[in-house]
Amino acid sequence: MAAALVGGAFLSATLQVLFDRMASQEVVKFIRGRKVPATLLAKLKTWCLTLNKVLNDAEEREITDTIVKEWLDELKDAVYHAEDLLDEIATEALRCQVEADFGTSTNKVHNFISTSFNQFGRKLESKMQEVVDKLENLASQINAIGLREGVEGRSSQRVPTTSLVDPEAIIYGRDDDEKAIVNLLLSNDVACNNHSAGVIPIVGMGGVGKTTLARQIYNNQKIIEHFSLKAWVCVSKEFDIPVITKKILEAVSPQKHDNTDFDKIQTKLKDYLMGKKCLLVLDDVWNEKYDDWELLSIPFKYGTSGIRIIVTTRNESVASIMRPIQIFHLNKLSKEDCWLLFANHAFENGKSDAYPELKKIGKELIRKCDGLPLAAKALGCLLYSKLDVEEWNKILKSNIWSLPNDGGNILPALRISYKYLPSHLKRCFAYFSIFPKNYLFKKEELVQLWMGEGFLQQHNKNEEMEVIGAEYCLDLVSRSLLQRSNGSKLCFLMHDLVHDLAESVSGKFCFKSEGDNTNKIMDKTRHFSNLRTKYDIPEKFTALCKAKNLRTFISLTMKENDKNMEFYLTKKVPHDLLLKLRFLRVLSLSHYCNIELPESIRDFKHLRYLDVSYTKIERLPKSICMLHNLQTLNLSGCEFLAMLPKNMRNLINLRHLHISGTSIKSMPIHMGRLQCLQTLSKFVVGKDIGFRIEELGKLSNLQGVIVISNLQNVINSTEALEAKLKDKEHLKELTLEWDAANEIISRSERDVLNNLQPHTSLTKLVIRNYNDTGFPNWVGDSSFSNITVVHLNSCRNCSSLPSLGQLPSLQDLFIFGFDEVVTVDADFYGSGSYTVTPFQSLKILRFKAMSKWEEWSPYHREGKDEGAFPSLQELYLEECPKLSGSLPKHLPSLTKLEINECEQLETSLPTAPSIRKLQLRNCNDALLKELPPTLHDLTVIGFKNLESLPEGVIDHNHGVEKLFIYDFPVLNSLPRPTTLKYLFIRNCKELEFPMYPFYSSLVGLIIEYSCNPLKSFPLDIFPKLLYLEIIRCSNMESLSVSEGHHLTDLLQLKIENCPNFVAFPSGGLSAPNLSELEVSNCSLLNSLPENMHTFLPSLQFLDIVNCPQIESFPGGGLPSNLISLRISDCKKLICNRMEWGLQRLHSLKRLAFINNVPDCWDVESFPEEDLLPTTVTHLYITGFGNLRKLDNRGFQHLTSLQYLSMENCPKLKHMPEEGLPVSISHIKIGKCPLLTKRLQRKKGKEWRNIARTPFIEIIERNTSKKANQLSIDGESRRTFVSRFL
C-alpha cells in the first residue's frame, strides 16, 4: 500500500543505452562477422549487469565516502569508453550502409567494406579488452568498499515537519501569499467546481518556503476560528496511505487508535469528518500516482464542502493529479525581503547599520541566495556573531556547497530533488553545469543538444526524440528544477543554487571555462563549455589536450547584445586541437567570425550536433557529408555561405538543418532523401529533377519554420501539389516567396498558390512577390484558427485584399506594396455573413507602400457601425499618398498610431482612450487639430508651413513626456508644457528655444540644426537634465551656469559642429556624475572645461575631435577615472602631448589618435617613451601621414595592450624592434602599403615581430569609413537617441 519514491542511479540510463546497443542489429551483425569475439562482448554485458546492481548504493554513499566516489568516477569513465566503442561499431556499420546505398559498383563496395571492416575490428578488439579488464577490476572491489546490491536509497534523515510556529520567528515577504490562500480557504465558492474537498497545492523549489507558508496559514487566527478540525501530516517521500490516514484520524479525533485494519481506520476517519469543517495540511508530497491520491481522499468525499486541503510539493505533476481549485506557485523572495531575512539571522536583532563593511558584503552575499529564504537563513546563521570582514569575504567567494556543514541545510534540501530524479533526467540535469548561471535556455536548442549527447531514450521507434526531449524539459520544470522565463513556453532559467547542485553532481565530467581555469580540466572530462571573449587565444585551450575523450565543445555568450559583436577564435582550435578530440558528439563554434572548417572534419565520426551559426564561413568542406551520425547542422546567420555541399543526401540521420540568414541560392540534389529531416528553415526551388519542389513532398516529418523561395520555378499547379504542404501538420511558420525581379503577371500563380495550401495548424503565413491579381480562397479562411501572423509583401498586381477578418487568432497583419489596391472594402473584414467580430484578436496592423489606395471603408453590420478591431493596439499607415476619407472611428485598445507620408488624409484621428504614442510624418496639418489627451510620446515631422504647434498639443490637459519635432522650417515657438521629460528638436532653424521654467522637468534634450537665435545655453534652468546634445547650431557660442551651481544629474554632454562655440562655463563645469563628454568640430573653442580633474570626477569617455584651437588640457590634467580618450585633428593639442600626463590615468584602457588633416601628427616615430600609460588595452593609430616606425621604447611598457589598430599610415614601414608586447592578441592594419608588404607571412622582414600574435587582420583595399567615424571596439556606449526610443 506504501508508494515509495525511488530515483534511478545516474549511470543506469547510460548502461541501458549500452545494453540496447549490444542488442542492436548493427552490433549483432558485426559480432556475427567475428570482427570482435562474441565472448568479449558477453563479458562486457556481464560486468555491466553486475556493476549495475550496486549503483544505487554507490550513488547514495559517494556524498560522504571519497573512496566510493573515486570508484564511481572510475566506473563512469569506463562505461563512457564502452559507449564510445559500441558507437564506433554502429557508426562503421552506418558508413558501410551509406556507401553501399550510394556506391556505383556493388562488388567494389562489398570488397572495400570487408577489408575496412576487418581492419576496424582488429583495432577495436584491443580497446574493448581494455574496457572489459577495467570493469572486471572495478567489480572485484565491490566487497572491499562495502557496496550492496538492491539498495534503493536510504531513508531520508530529515526531521518531520510540524505545525508549530516559532513565536520569535519573523516571516518576510509572504503576507500577500498568506492572505490570498486564507481568503480562498474561507471562501464559500471553492466547491463550485464539483470539489467535495478543496485542494490548494503550494508548489515551489526546495527551500523556497512552502512549509513555512503552510505553517503560517495553519496557525492564522481566521483559520483557527473557521475550522473545527485541523490536521498536519508530514508525508515526505513514502506515500503510505494507511499510515497517512491513521495520522489524520489521530489528529482530528481525541482518541488513540491502535487498530491497523485500513478499512476500519478509513471508515472511522469518514465518520469524524462527516459534516465538519476541517483543514488538512499534507506537507512535502512527492507521489504522482493518481490512484493513490484517489484512495487516500475517499473519506474526504463523504464530508461537506467544508473540507480544505493544503498540499506542499516541489512537483507540479503531484499538484495536478489532485484536481486542485488553484495551484499556488511560490516565487522567490524579493531582494529586499531576502536581505531582511539574512540580516535578522546574521546580526544581533537584525541591526546591520553598525557594521557598514559587513552590510556591503552581506548585500553581495544574498545574491548567492537568489531569493531562496532557506539559503538566506542558512548563510545568516553561519555568519551570526562573526564580525571579521575577512571571514565574510571568504564566505562570499566560496561555492555554496563548500561552506561548513554543507552550507547549513541548503544542500540536503535541494539534493533530495536530484536524488529522486529518474536516471535519464539525472544526466540531463547534470549537463546544465556546463552553462553559466543565469543562462537563458531555449527549449529547441536544449533538446537538440541532449539528443546529440545521446540522453534521450526512445522506448519504441515511433517516438520522436524531439517530443521526448520536450517532455524531459517539462518534467524538470514540473519538479521545480527549471523555471520558465517570464512565462515563456520556449525558454527556461535555472536558479543559481540549483545550478550549483548541477555542478556538484556533475563532478569532474563537466567543465565550464571561466577566466584562466582551464588548467584544472581533467582527463575524465567529457563535456566542455567556453564563455566567448573578444579574442580566444591558444593558451585558453591548451589544457584541453588532457581531455582526449571529450564529447562536447560548446562556445557560449551570456548577453543577447554580445551576439552582435565579432568574436575571434584562434585557428589552432578547429585546425589542430579539435582534431585530437575524435569522440566529439557536440561541437559549437557559433559567433566566431573567423571560423573555417577543415576537410579533416570527416574524422569526427561520432558528431551529432554541429553549430557554426553567425560566423563568416564561406564554404563547408565536402567531407562534412561523411558525418553520417549528424543530427543537427546549424548554419543560421552565415550570410557569406552561398551553397551547401552537393552530397548532403548522405547525411541520412540529419534531423535539423538551420539555414535561415544564409545566402544559399540553390539546394543540393535529392534533399528529399533526408527522411529524418524535421527542420529545414529554407528551401530554394530549382527547375531540374532532384531540385524541384517535389523534394519537399518526400520530407513528411517537416515541422517548425520554412521559407520556400524561387516559386517562379514551379511550372504548374500539379507540381505545387507534390510539395504536400497540406499534410505537414507540424509546420508552424510558412513563407512563400517568388523572385522579386520577376514582374510578369502570371495567371498560373494563383493555381500554384492554391495548391501550396498548408495544414490548418499553421501559426504564421508570409507571402512575398506574388504576381497574380487575386488570392485563392484558403488565404484568410477561418479554418486557419491558429494563425497569429500574416504578412503579405509586394503583391503588386493584386487589386483587392484577401478576406482576413474572420481569422479568429490573427494578431499581427502587415500589408505592403499592393500597388493596384484602390479600396479596402467589406471583403477585407470577411466574405459573406460575419460569424465573429472582424479582426477580433488583431493587435498590430500595418499598411505600407499602397500607392493607389484611396479609401478605407468602415465595417458595417445590419446598417450600424460596429467595432471591428476591438483588440488593436498598434496601427501604422505609411506611404499611402492618395488615402483620404475616414479611418476606423473607435479603437478602444489602441496604444500606438503612426501615420507617415499620407498627405491627403484629413480625417480626425480615431477615438482611442488608451493611446500613448503618436507619430505624424509629412501629413496634412488637419491631423494635428485634435490630439488625444492620453498621449505620452508625440513625434511630428515635416510640417513645412506651421509657425507654431496648435493650441493644446502639450498643455496641462496632455501628459506628453516625450516630444520629437523634425523638419519644421518656419516653426518659431513651442507651447509651455508641464510634464515634458524628453525633447528632440531637429531642423527647426527659426525656433526660439524656450528659456522658461516650464521645461525644468526635462531629463533629455537634443537640439540639432535648429534654434538659430540660440547663442548661450543656460544649463542651470534644467536641473533634472541627464543627457544634452547640441549639434549643428551655427550661432551657439557658450554654455552658462550660475556660480556655485552643481549639475548633479547630468550624465552625458555632446557639443558637435557648432562653429561659433567658444566657451564652457567660466570657472569650470561642475557635473560630478558626468560620464561622457564629446566636443567635435568646434573650430573656435580654445579650451576644455576648467578643473576637470575635480569637477568631473566620474568622467569615463572623452572625445575631442577637430578642435584646432585647443592647446592643452586644463590645469590639474584629466579626471583620474577616464577609461577612453579619443583625440582627432587637434594639431595644437598634439604638439603639447608630452605635457598631457596620461601616466597618471590608472583607469585608461582605450586610446585613439585619429587624423583626417594631413600632417596633423608630424612625427616619424610613435609613441614616445612614457607618453602612454601601462593600463592601455586598446590603441588606435590612424592617419599619421609621416609615420615611419613604431617606437620600441614607447611600446615596451604597454604590458596590458591587447588590441592594436593602424590605418592610413602610408609611410609606415617598421614595427617595434623588439616586437610587440606579448599581451597583444589582435592586430589590425589597413591602408599601410609599405608595412603590409613587409608583413608577408614568413617572408616579410617584419613578420617575425607579429608572428606570435593570434589574430592578424590586414586590409589592403579601401573599405574603411572616414577616420573620425571610427568606433572603438569594445566600448559599451549607448547613444542618447537610443534612450529616447
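Along the sequence shown, residues are numbered consecutively beginning with 1.
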Are any side-chain N or O atoms of [X] and backbone N or O atoms of [Y], one a donor and one an acceptor, separated by less than 3.5 Å?
X: Glu1056; Y: Ile1030; answer: no
X: Asp1049; Y: Leu1025; answer: no
X: Ser803; Y: Asp827; answer: yes
X: Ser1038; Y: Phe1064; answer: no
X: Ser1075; Y: Leu1051; answer: yes
X: Asn1208; Y: Gly1183; answer: no
X: Ser663; Y: Glu639; answer: yes
X: Ser1080; Y: Val1105; answer: no
X: Ser1128; Y: Asn1106; answer: no

Is the closest side-chain donor-acceptor distance between [X] and [Y] under 3.5 Å?
X: Ser1042; Y: Asp1020; answer: yes
X: Ser973; Y: Ser948; answer: no
X: His1046; Y: Ser1070; answer: yes
X: Asn1012; Y: Asn1035; answer: no
X: Asn1081; Y: Asn1057; answer: yes

To the nearest 0.5 Å, what is the distance between [atom1] on [X] and [atom2] on [Y]?
X: Asp1103; Y: Glu1076; atom1: CG; atom2: CD; result: 8.5 Å
X: His791; Y: Ser794; atom1: NE2; atom2: OG; result: 13.0 Å
X: Phe839; Y: Phe828; atom1: CZ; atom2: CZ; result: 3.5 Å
X: Leu946; Y: Cys988; atom1: CG; atom2: SG; result: 10.5 Å
X: Arg1126; Y: Thr1182; atom1: CZ; atom2: OG1; result: 10.5 Å
X: Ser1124; Y: Leu1102; atom1: OG; atom2: CG; result: 8.5 Å

> Would Trp853 and Val822 count as a side-chain contact (heavy atoms from CB on, under 4.5 Å) if you check the C-alpha gap in whole Å, the side-chain angles of each, and the deciding distance to 0.1 Å?
Replying inline: CA-CA 4 Å; Trp853 185 23; Val822 176; over 6 Å; no
Ring centroid separation [X] to [Y] under 6.0 Å:
X: Phe847; Y: Trp856; answer: yes
X: Tyr966; Y: Phe943; answer: no
X: Tyr770; Y: Phe775; answer: yes

I want to check something: taking the side chain as every heavy atom from C-beta on, are [X] and [Y] in contact at a cut-off of under 4.5 Å?
X: Thr788; Y: Leu810; value: no
X: Leu807; Y: Leu813; value: no
X: Phe1017; Y: Phe993; value: yes
X: Leu883; Y: Met850; value: no
X: Ser1016; Y: Glu1037; value: no
X: Val1003; Y: Phe1022; value: no
X: Asn769; Y: Asp739; value: no
X: His1045; Y: Leu1047; value: yes

> Going through the distances and angles, do Leu804 and Leu792 end up as a side-chain contact (heavy atoms from CB on, under 4.5 Å)?
Replying inline: CA-CA 11 Å; Leu804 300 170; Leu792 305 177; 4.2 Å; yes
Shortest non-hydrogen contact from [X] toward [Y]:
X: Cys1130; Y: Cys1107; answer: SG-N, 3.5 Å
X: Gln1109; Y: Ser1083; answer: CG-O, 3.1 Å
X: Ala868; Y: Tyr829; answer: CB-CE2, 4.1 Å
X: Arg768; Y: Thr735; answer: NH1-CG2, 3.5 Å
X: Leu845; Y: Phe869; answer: CD2-CE2, 3.9 Å
X: Asp772; Y: Cys798; answer: O-SG, 3.3 Å

I'd like a table of donor-acceptor pairs (distance under 3.5 Å, sequence neighbours excluded) in which one partner is a side-chain atom from residues 898-908, with atom names and distances.
residue, atom, partner, partner atom, Å
Asn900, OD1, Gln919, NE2, 3.1
Glu901, OE1, Asn922, ND2, 3.4
Glu901, OE2, Asn922, ND2, 2.9
Glu906, OE2, Asn924, ND2, 3.4

> Does Arg1032 pair with Glu1008 as a salt bridge, N-O distance under 4.0 Å?
Replying inline: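 Yes.
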>> With a 4.0 Å cut-off on N to O distance, would you call Asp812 and Lys764 a salt bridge?
In response: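 Here Asp812 does not pair with Lys764 in a salt bridge, since their nearest N and O are not under 4.0 Å apart.
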>> Under the criterion side-chain contact (heavy atoms from CB on, under 4.5 Å), I'd like the reasoning laid out for Phe968 against Val940: C-alpha separation, chi angles, the key distance, then a yes or no.
In response: CA-CA 9 Å; Phe968 279 63; Val940 283; 3.8 Å; yes
>> Within 45 degrees of the ring normal and closer than 6.0 Å to the centroid, is that where the cationic atom of Lys848 sits relative to Phe816?
In response: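 The answer is no; the distance or angle limit is not met.
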> Does Arg846 CZ have over 12 foreign heavy atoms under 6.0 Å away?
Replying inline: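 Yes, enclosed.
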> If you draw a 6.0 Å radius around NZ in Lys944, do more than 12 non-hydrogen atoms from other residues or ligands fall strictly inside?
Replying inline: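 More than 12 heavy atoms, drawn from other residues, nucleotides or ligands, come within 6.0 Å of this atom.
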>> Testing Glu874, Gln811, Lys896 one by one against Ile844 for a side chain to side chain contact (heavy atoms under 4.5 Å, CB included), which residue passes?
In response: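 One option only clears the test, and that one is Glu874.
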>> Before you tell me yes or no, could you show the steps for Leu983 and Leu974 under side-chain contact (heavy atoms from CB on, under 4.5 Å), namely the whole-Å CA-CA distance, both residues' side-chain angles and the distance that decides it to 0.1 Å?
In response: CA-CA 11 Å; Leu983 177 60; Leu974 291 177; 4.3 Å; yes
